[in-house]
Amino acid sequence: MHYKRYRGVFLQKCNRCNASFHWGQIYKSFWWSYKPIKCKECGTVHKIRISGRFIFVSLTILPMLIFGYFFSPFNNSFLTLGAAICILIIGSIFALFFVRYKES
Ligand SMILES: [Zn+2]
């Protein structure tokens, strides 16, 4: 399989030199209040698009709140919290493939 090619299709690339960002760079950016990402190859700084912020929130915070308020199947609040954190982590992994950055 052309794994590398497919990975390139989905993960954000540098707008200037086309080098793929590492998923860890993007993931860290999410949790540091959308910290700009610097390309390791050419040093170009990329900022998150406004749409990217909406995508991130709608994949993480939103499903977590919906789950917490409306669909919580557990009486145990620790279990609810654990499930909410799982949703947050899974949502943020999905967000890696949908949130886009632009050259600043
Ligand atoms: Zn670059």
Side-chain angles (χ1 to χ4, degrees):
M1 294 295 279
H2 303 285
Y3 173 74
K4 268 197 165 165
R5 213 179 104 212
Y6 285 119
R7 193 183 64 166
V9 168
F10 294 118
L11 272 187
Q12 170 83 41
K13 279 179 177 178
C14 174
N15 283 344
R16 188 166 292 175
C17 74
N18 228 28
S20 273
F21 290 161
H22 191 259
W23 69 269
Q25 278 180 295
I26 306 170
Y27 203 71
K28 213 178 357 175
S29 159
F30 291 160
W31 300 113
W32 283 87
S33 56
Y34 314 115
K35 190 169 168 267
I37 298 173
K38 197 174 173 187
C39 174
K40 277 180 180 164
E41 297 297 321
C42 70
T44 305
V45 175
H46 291 65
K47 283 184 179 165
I48 194 163
R49 288 179 188 274
I50 301 295
S51 64
R53 295 180 186 226
F54 283 114
I55 293 167
F56 183 71
V57 168
S58 55
L59 284 171
T60 53
I61 312 292
L62 220 59
M64 194 181 74
L65 291 180
I66 291 167
F67 171 81
Y69 283 111
F70 302 110
F71 298 110
S72 175
F74 310 119
N75 288 323
N76 187 323
S77 57
F78 282 107
L79 274 178
T80 306
L81 190 70
I85 290 168
C86 282
I87 291 170
L88 202 65
I89 291 167
I90 293 165
S92 58
I93 289 168
F94 274 111
L96 284 174
F97 301 95
F98 295 108
V99 173
R100 286 290 173 252
Y101 287 73
K102 62 171 193 273
E103 223 176 303
S104 67

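Numbers here simply count residues along the sequence, with the first being 1. None of the values given here were measured: they were computed from a predicted structure. Read the numbers this way: they start at 1 and go in the same order the structure lists the ligands and their atoms.
Using a 4.5 Å cut-off between side-chain heavy atoms of Ile, Leu, Val, Met, Phe, Trp and Tyr, with links allowed through other members, Ile87 and Phe54 fall into different hydrophobic clusters.
Between Leu88 and Ile61 the shortest side-chain heavy-atom distance falls below 4.5 Å. Side-chain contact between Tyr27 and Leu96 is present, with at least one heavy-atom pair separated by less than 4.5 Å.
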For residues 28-47, please give each side-chain donor-acceptor pair under 3.5 Å, one per line with the distance, not counting sequence neighbours.
{"residue": "Ser29", "atom": "OG", "partner": "Lys35", "partner atom": "O", "Å": "2.7"}
{"residue": "Ser29", "atom": "OG", "partner": "Tyr101", "partner atom": "OH", "Å": "2.6"}
{"residue": "His46", "atom": "ND1", "partner": "Thr44", "partner atom": "O", "Å": "3.2"}
{"residue": "His46", "atom": "NE2", "partner": "Asn15", "partner atom": "N", "Å": "3.1"}

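Around the Zn ion (ligand 1), protein N, O or S atoms at less than 2.8 Å comprise Cys14 SG, Cys17 SG, Cys39 SG, Cys42 SG.
In this structure Leu81 satisfies the side chain to side chain contact (heavy atoms under 4.5 Å, CB included) test together with Ile85, sequence neighbours excluded. The side chain to side chain donor-acceptor pair (under 3.5 Å) search around Arg16 returns Glu103, not counting sequence neighbours.
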